[in-house]
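This report refers to the structure that appears directly beneath it.
Just so you know, residue 1 is the first one in the sequence shown, and it goes up from there.
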Amino acid sequence: MNRKTPLVAMSLLASTLAFGAHAQSNSVTVVLSEELEIVEPCSATKSNVGRVLFQNISETVTEMDPTTGLQPRLAESWEDVGNGTWRFKLREGVTFSDGSAMDAEDVAHSLVRMKSEAIACEIGAKFFGGIEITSNIVDAHTIDVTANPAQPILPMLMSTVTVTPSTTPLDKFVDHPIGTGPYTFDEYARGQHIKLSANPSYWGDQPTVQSATYVFRADSAVRAAMVAAGEADIAPNIALQDARDPAMDFSYPNSETVFLRLEHAYAPLDDRRVREALNLAVDREAFVGTILANGTLLATGITPPSTIGYDHDLKPYAYDPERAKALLAEAKADGVPVDTEITLIGRINNFANVLETMEALHAMYQDVGFNMKLEMVEVAEWLERYAKPFPADRGPEIIEAQHDNANGDPVFSMYFKYHSEGQQSGLTDPKVDALIAEATAATGEARAAKWSELFGYIHEEVIADVMLFHMVGFSRVNDRLDFAPTIRTNSELQLSQIEFK
C-alpha cells in the first residue's frame with residue numbers, strides 16, 4: 001500500500017504557493033508549524049522565531065555549540081577582569097545588513113534594550129531576570145560587561161544576546177529585523193511566507209544556501225508530505241506518526257520539557273494536596289510510544305537531564321488515581337474548595353500531538369474528580385495568560401507549556417519560571433528566590449549542588465507544577481540536503497550549516 005499518495009494530495013491542497021522548493025538549486029524552503037507572531041530579535045529564543053532569525057539574521061556575542069561548547073561569534077575572545085565584569089573583544093570589519101558598522105556601542109545598546117520594560121524583551125526576561133547589567137565601552141571593539149550580582153557564566157549568558165544596531169528603538173518591537181548575520185530579512189507576507197537571502201557583506205564565509213523561504217502549515221502530516229513531494233526541504237517539527245521514512249526522518253532529544261504551570265494564587269491550586277493530586281492523576285508512561293515517541297523521558301524538573309545540577313535521584317510521581325482521590329477528599333474536608341472549576345489551557349500547535357495530549361490529561365483529571373474544562377488557544381492568547389502581567393480575576397488556571405534549555409545550565413530557566421518576580425512564574429516562595437540567587441552566584445560543585453537542592457525543593461516539598469516529559473523531536477529533511485538536526489534544531493535552524501548533496 002502506498003501511504004504517500006493521500007499525504008501528497010493533502011499537501012497539494014494545502015499549498016497556495018506557485019513556486020517549488022527546487023526552483024533554485026541553492027535555495028531551500030522550510031515549512032513551520034505556525035506563523036511567527038513577532039520577528040523581534042530579542043524574542044529569538046522562541047522556537048519558530050529562532051528558527052528564522054537566530055544566527056541567520058541576528059547574531060549573538062558568543063555562541064553555544066552542542067558538541068564543542070561555548071564558541072566565539074561577534075566576540076572573538078573574553079576574559080574575567082574581576083568584580084563581576086567580563087571584557088569582550090569584538091570582531092572588526094563586521095557590518096549590519098543596512099551597511100552600518102557593528103561596534104561596541106551596538107552591543108551596549110542591545111544590552112540596554114533587552115532589559116527595557118517598554119518592550120518586555122523575551123531574552124532579557126528569560127535569561128537576565130534579577131540581574132542588573134551595565135557596560136563600559138573601552139574602545140570601538142572592546143566592551144566591559146558587568147553583572148550584579150556577579151555571574152560566573154556571563155560569557156555563556158551572552159550567547160543569548162542578539163545584537164541590533166544602536167538606532168533600534170528602545171521602546172517598540174521591530175517588524176523588519178536588521179542584523180549582522182549571513183542572511184538578510186527580505187519579506188514577510190503575513191499568512192503566506194517569509195523570505196531571506198544571503199547577505200553579500202557578511203563578515204564570515206558565504207553560505208551554500210543563498211536564499212530561503214519559510215511557509216506555515218498547522219498539520220504535521222501536511223508538513224511531512226510537502227517535504228516528501230519536494231515542495232519543501234525541511235519540516236523541523238513533525239509528529240511521531242508522520243516520521244515513517246528512515247531516509248528523510250530524524251529523531252533527536254530536543255531539549256524541550258513539557259509541563260503544566262500551576263497558578264498558586266488561586267484556590268484550590270494553593271493547596272499542596274491538590275497539587276500532589278494533580279501529579280498523581282497522570283499516567284505519564286501511557287503517553288510514551290503512543291501519543292509521544294519512544295525515548296520520551298519522564299520529567300522531574302524544568303530542564304533536561306543534561307543540565308548541571310539536575311537531580312537524577314528524584315522520581316516522577318507514580319500514577320495513583322486512588323491516592324489522588326483521597327487527597328482531594330481530605331482537602332475538601334478541611335474546607336478547600338476542590339469543586340471549583342479549573343481551566344486547563346493548551347497551546348495549539350505547541351508540539352506534535354499536543355491536542356491529543358491535552359485531551360488525555362483532561363480525561364485523567366476528570367476521572368479522579370477534578371472539575372476542569374479544557375481550552376485550546378492560539379499562541380497570542382496563550383502568551384497573554386502565561387506571562388506577567390497576568391489577566392485580572394483569571395481564577396484557577398493550569399497552563400500547558402514547553403520549555404527549551406539546550407544551554408547546559410539551569411540559570412537559563414529558573415528565574416523566569418520560578419522566582420517570585422519571574423515573568424512566567426506562578427509561584428511566590430522566598431526560599432525558592434534565595435536558592436536561585438545562591439545557585440546563580442556559585443561555581444563548580446557548589447553551583448551544581450545548589451541547583452540540585454532547588455530542583456528537589458520544587459518537586460518534592462512545594463510541588464510547584466506538574467512535570468511531564470523531556471521530549472524527543474522529529475524532523476523531516478529532503479534527501480537532497482546534507483543536514484542532520486540536533487538538540488539545537490528545536491530553537492534555531494542555521495541555514496549556513498546546510499549543504500547540498
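- For the pairing with His403, the ring-ring contact (aromatic ring centres under 6.0 Å, His included) check across Phe412, Tyr386, Phe351, Phe416 returns one residue only, Phe416.
- Judged by distance alone, with hydrogens and angles left aside, the side-chain atoms of Thr357 form a donor-acceptor pair with the main-chain N or O of Asn353 at under 3.5 Å.
- With no hydrogens or angles considered, a side-chain donor-acceptor pair links Gln494 and Glu63 at under 3.5 Å.
- Residues Pro72 and Arg91 have side chains in contact (heavy-atom distance under 4.5 Å, counting atoms from C-beta outward).
- Residues Thr160 and Phe128 meet the side-chain proximity criterion, which asks for heavy atoms closer than 4.5 Å.
- You'll find the side chain of His419 stays beyond 4.5 Å of the side chain of Val432, heavy atoms only.
- Other residues, nucleotides and ligands contribute more than 12 heavy atoms inside 6.0 Å of the CD atom of Glu341.
- Checked by atom type and distance alone, the side chain of Arg323 never pairs as donor or acceptor with a backbone atom of Ala277 at under 3.5 Å.
- Among all heavy-atom pairs drawn from Pro236 and Leu32, the shortest one is CG-CD2, 3.9 Å.
- At least one donor-acceptor pair under 3.5 Å links the side chain of Tyr317 to the backbone N or O of His459.
- Within 6.0 Å of the NZ atom in Lys172, the count of heavy atoms belonging to other residues, nucleotides or ligands does not exceed 12.
- Within the 3.5 Å criterion, the main-chain N or O of Leu495 finds a donor-acceptor partner in the side chain of Asn56.
- With hydrogens and angles left out, the side-chain atoms of Lys417 and Gln424 include a donor and acceptor closer than 3.5 Å.
- At distances below 3.5 Å, not a single donor-acceptor pair connects side-chain atoms of Thr146 with backbone N or O atoms of Thr85.
- Taking each heavy atom of Phe185 and Asp175 in turn, the nearest pair found is CE2-O, 4.2 Å.
- Nearest heavy atoms, Lys388 versus Ser425: CE-O, 3.4 Å.
- Contact check for Leu374 versus Glu359: side-chain heavy atoms found under the 4.5 Å cut-off.
- Counted by atom type alone, Tyr214 and Asn48 present zero donor-acceptor pairs between their side chains at under 3.5 Å.
- Taken from CG in Leu111 to CD1 in Ile143, the straight-line distance is 6.0 Å, to the nearest 0.5 Å.
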Go through the steps to decide whether Asn490 and Tyr252 satisfy the test side-chain hydrogen bond (donor to acceptor under 3.5 Å, both in side chains), and finish with yes or no.
-> CA-CA 10 Å; Asn490 186 65; Tyr252 56 95; 5.3 Å; no
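- At distances below 3.5 Å, not a single donor-acceptor pair connects side-chain atoms of Lys126 with backbone N or O atoms of Ser43.
- Here the closest non-hydrogen pair linking Ser159 and Met64 is OG-CG, 3.6 Å.
- Between the side chains of Ser33 and Asn349, no donor N or O sits under 3.5 Å from an acceptor N or O.
- Interatomic distance, OG1 of Thr257 versus CE of Met467, reported as 7.5 Å (0.5 Å rounding).
- The shortest side-chain heavy-atom distance between Leu74 and Phe88 does not fall under the 4.5 Å cut-off.
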Test log, rule side chain to side chain contact (heavy atoms under 4.5 Å, CB included), inputs Val288 and Asn294 = CA-CA 6 Å; Val288 179; Asn294 285 317; 4.3 Å; yes
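- The backbone N or O of Val462 sits less than 3.5 Å from a side-chain atom of Arg275, completing a donor-acceptor pair.
- For the pair Arg284 and Leu468, the minimum side-chain heavy-atom distance is below 4.5 Å.
- Not a single donor-acceptor pair under 3.5 Å links the side chain of Arg273 to the backbone N or O of Ala329.
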Report the C-alpha separation of Val107 and Ser135 in whole Å, then their side-chain angles, then the decisive distance to 0.1 Å, and conclude whether the side chain to side chain contact (heavy atoms under 4.5 Å, CB included) test is met.
-> CA-CA 9 Å; Val107 175; Ser135 64; over 6 Å; no
Pair Glu453-Lys450, salt bridge (Lys or Arg N to Asp or Glu O under 4.0 Å): steps then yes or no = CA-CA 5 Å; Glu453 181 183 353; Lys450 279 296 179 184; 3.5 Å; yes
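- No side-chain donor-acceptor contact under 3.5 Å links Asp433 to the backbone of Thr428.
- With hydrogens and angles disregarded, no donor-acceptor distance shorter than 3.5 Å links the side chain of Ser220 to the backbone of Ile238.
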Trace of the side chain to side chain contact (heavy atoms under 4.5 Å, CB included) decision for Trp78 with Leu70 = CA-CA 11 Å; Trp78 48 90; Leu70 193 64; 3.7 Å; yes
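- Taking CD of Glu375 as the start and CD1 of Ile398 as the end, the distance is 12.5 Å to the nearest 0.5 Å.
- Ala442 approaches Pro152 most closely through the heavy-atom pair O-CG, 3.4 Å.
- Applying the 6.0 Å contact sphere to NZ of Lys332 captures no more than 12 heavy atoms from other residues, nucleotides or ligands.
- Between Tyr188 and His176, the ring center distance fails the sub-6.0 Å criterion.
- Side chain to side chain, Asn136 and Arg87 fail the donor-acceptor criterion of an N or O pair below 3.5 Å.
- When side chains are defined from C-beta on, Leu278 counts as touching Leu269, because their heavy atoms get closer than 4.5 Å.
- Note that CG of Asp429 and CD1 of Ile436 are 9.5 Å apart. Values are rounded to the nearest 0.5 Å.
- Taking NZ of Lys373 as the start and CG of Leu344 as the end, the distance is 11.0 Å to the nearest 0.5 Å.
- Taking OG1 of Thr60 as the reference point, atom CZ of Phe54 lies at 4.5 Å (rounded to 0.5 Å).
- If you run side-chain contact (heavy atoms from CB on, under 4.5 Å) between Thr343 and each of Glu263, Arg394, Arg385, Met372, only Arg385 comes through.
- Nearest heavy-atom pair, Leu427 versus Ala464, reported as atom, atom and distance to 0.1 Å: CD2-CB, 4.2 Å.
- Looking only at atom types and distance, the side chain of Ser496 has no donor-acceptor partner in the side chain of Tyr183 under 3.5 Å away.
- Screening Glu34, Glu37, Glu40 for a salt bridge (Lys or Arg N to Asp or Glu O under 4.0 Å) with Lys46, the sole residue that qualifies is Glu37.
- In this structure the side chain of Glu276 reaches within 4.5 angstrom of the side chain of Arg272, judged on heavy atoms.
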Side chain to side chain contact (heavy atoms under 4.5 Å, CB included) assessment of Leu298 paired with Glu285 = CA-CA 8 Å; Leu298 307 189; Glu285 293 183 352; 3.8 Å; yes
